[in-house]
2 protein chains.
Amino acid sequence: MSNPDTKTRILNEAQRLIHAYGYQGFSYKHIAERLGLRNAAIHYHFPNKADLGTAYVERLLTQFSGYRDHLNQKYANDPVLRLQRLTAIPLNYLSTPGMTCPLGMLEADIRFLPAPMLQATHALGQAMRAWLAEILEQGRALGVMQFHGDAKTKALASWAMLQGASLMAASHDVELYEQVVNQLFTDLRIDNAAQETL
Amino acid sequence: MSNPDTKTRILNEAQRLIHAYGYQGFSYKHIAERLGLRNAAIHYHFPNKADLGTAYVERLLTQFSGYRDHLNQKYANDPVLRLQRLTAIPLNYLSTPGMTCPLGMLEADIRFLPAPMLQATHALGQAMRAWLAEILEQGRALGVMQFHGDAKTKALASWAMLQGASLMAASHDVELYEQVVNQLFTDLRIDNAAQETL
DNA sequence: TTGACAACTTACCTACTAGTAAGTAAGCTT
DNA sequence: AAGCTTACTTACTAGTAGGTAAGTTGTCAA
């Protein structure tokens, strides 16, 4: 291979563009121009846009799974810390102005996603909601979080909140997302001292 | 005027298409085909796409303001009922499969909105959040709702939740939105009897 | 040194986008 | 009847989209 990581560079650039403009907001031409390639070169590595999009989501899923497993092991008995890390994920993206986090982004563009990409996206969403439910359940069991109703439903609602907040933050400012996360912690009656370390 | 309401028919069709596919997901061609007109006829009534989009949001804002004022008058002393009506708004849209409610839709497409449309959208969002904050504040004052922290922040978080939920519901099913609304009511410690009437 | 393969490029295609210029037919106004 | 206006149509533009077929170049293995 003359340039072993062109494929990776394409994927990286696609990710950047997806986070900035969404799935249907970027084109092969955009990638080609940024990387000094021609349109057809992208098609060589990713025959069609759905392949590229699916590769992007699958990489996200792999990254997320690794991070989740790592935190589950490292902070096995500290659901509050794990929740802090979970809610901090979008901040990595939102800190760059004009960038949305994948959470909200994919949900916003969901109508345009090709079938295989949609499937991968649903898998990612489900994995994240399941993790959140697990954290909440343990938090309540240990007495460090308080909430009413089923943990899964609470996780779903909290998830919707984070997703909505990350979308709003992308078009306003990051501070908005932080306010919502603070409210989430307040609602869960997590004491402020722990919240400070966020 | 030979056909006085062509303009309105265009706006109606644009609304339908925006709710189904988003702002950048519909074209003049789609409208023209549905209405048996030519592309240029749309341009005659709405010189460019931004004009059409802005007209759509402004009509939404007018409709919302009217509805809010009406409910504020009718249920001036019943914030729970007003909250139920507010959270029921997206259901009108979500009940048709494949349709998103304007709430989530506009937020999802926000990166593509032309300036004047963006302004109108922000005005609409702010109006709805302000109304929600007002309802929550009154609810807590009357002792029919319970929550911690500032009412405005709680409104922001709840708003993010509803927005996220309406987006998710559009790609899954309405029941998901209803679950999230139920959780919101549970979190606010609103008694179940009242909730039944939702 | 030949051949195969990887990693491209050139050149092209069809479909669609928003938008425009010019023309037309009907109706209203004076 | 003349002229203006409304509400369009026909025909077009420039630009972008995703995608493809065929050719080119460099590297490596036999």
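First the proteins, then the strands, lettered A, B, ... as listed; each starts at 1. It should be emphasised that the depicted structure is a prediction, and the values quoted were computed from it without experimental measurement.
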> Distance-only, no hydrogens or angles: does the B:Arg140 side chain make a donor-acceptor pair with backbone N or O of B:Phe147 under 3.5 Å?
Replying inline: yes
>> Just verifying a value: how many Å separate B:Arg189 CZ and B:Met145 CE, rounded to the nearest 0.5 Å?
In response: 13.5 Å
> Atom CG of A:Leu142 and atom CG of A:Asn77: how far apart are they, to the nearest 0.5 Å?
Replying inline: 7.0 Å
Measure from [atom1] on [X] to [atom2] on [N] and round the result to the nearest Å.
| X | N | atom1 | atom2 | answer |
| --- | --- | --- | --- | --- |
| A:Lys7 | C:dA7 | NZ | P | 9 Å |
| A:Ile31 | D:dG19 | CD1 | C1' | 14 Å |
| B:Asp5 | D:dA7 | CG | C1' | 13 Å |
| A:Leu35 | C:dC8 | CG | P | 10 Å |

Under 4.0 Å: is that the gap between some side-chain N or O of [X] and OP1 or OP2 of [N]?
| X | N | answer |
| --- | --- | --- |
| A:Thr6 | C:dA7 | no |
| A:Tyr44 | C:dA7 | yes |
| A:His45 | C:dA6 | no |

>> Which label fits A:Trp131 and A:Phe64: parallel for a plane angle under 30°, tilted from 30 to 60°, or perpendicular past 60°?
In response: perpendicular
> With under 30° as parallel and over 60° as perpendicular, where do the rings of A:His30 and A:Tyr21 fit, or are they tilted in between?
Replying inline: tilted
> Do B:Lys154 and A:Asp187 have side chains that get closer than 4.5 Å, going by heavy atoms?
Replying inline: yes
> Could you run down nucleotides 10-21 of chain C 5' to 3' and tag each one B, S or - for protein heavy-atom contact under 4.0 Å?
Replying inline: B-----SSSBBB
> How would you list, by chain and number, every residue that makes a side-chain contact (heavy atoms from CB on, under 4.5 Å) with B:His70, sequence neighbours excluded?
Replying inline: B:Lys74
> Between the two ends of the helix from C:dT1-D:dA30 to C:dT30-D:dA1, what is the bend in degrees, rounded to 10 degrees, where each end axis spans five pairs?
Replying inline: 10°
> Side chains of A:Gln73 and A:Asp69: donor-acceptor distance under 3.5 Å anywhere?
Replying inline: no
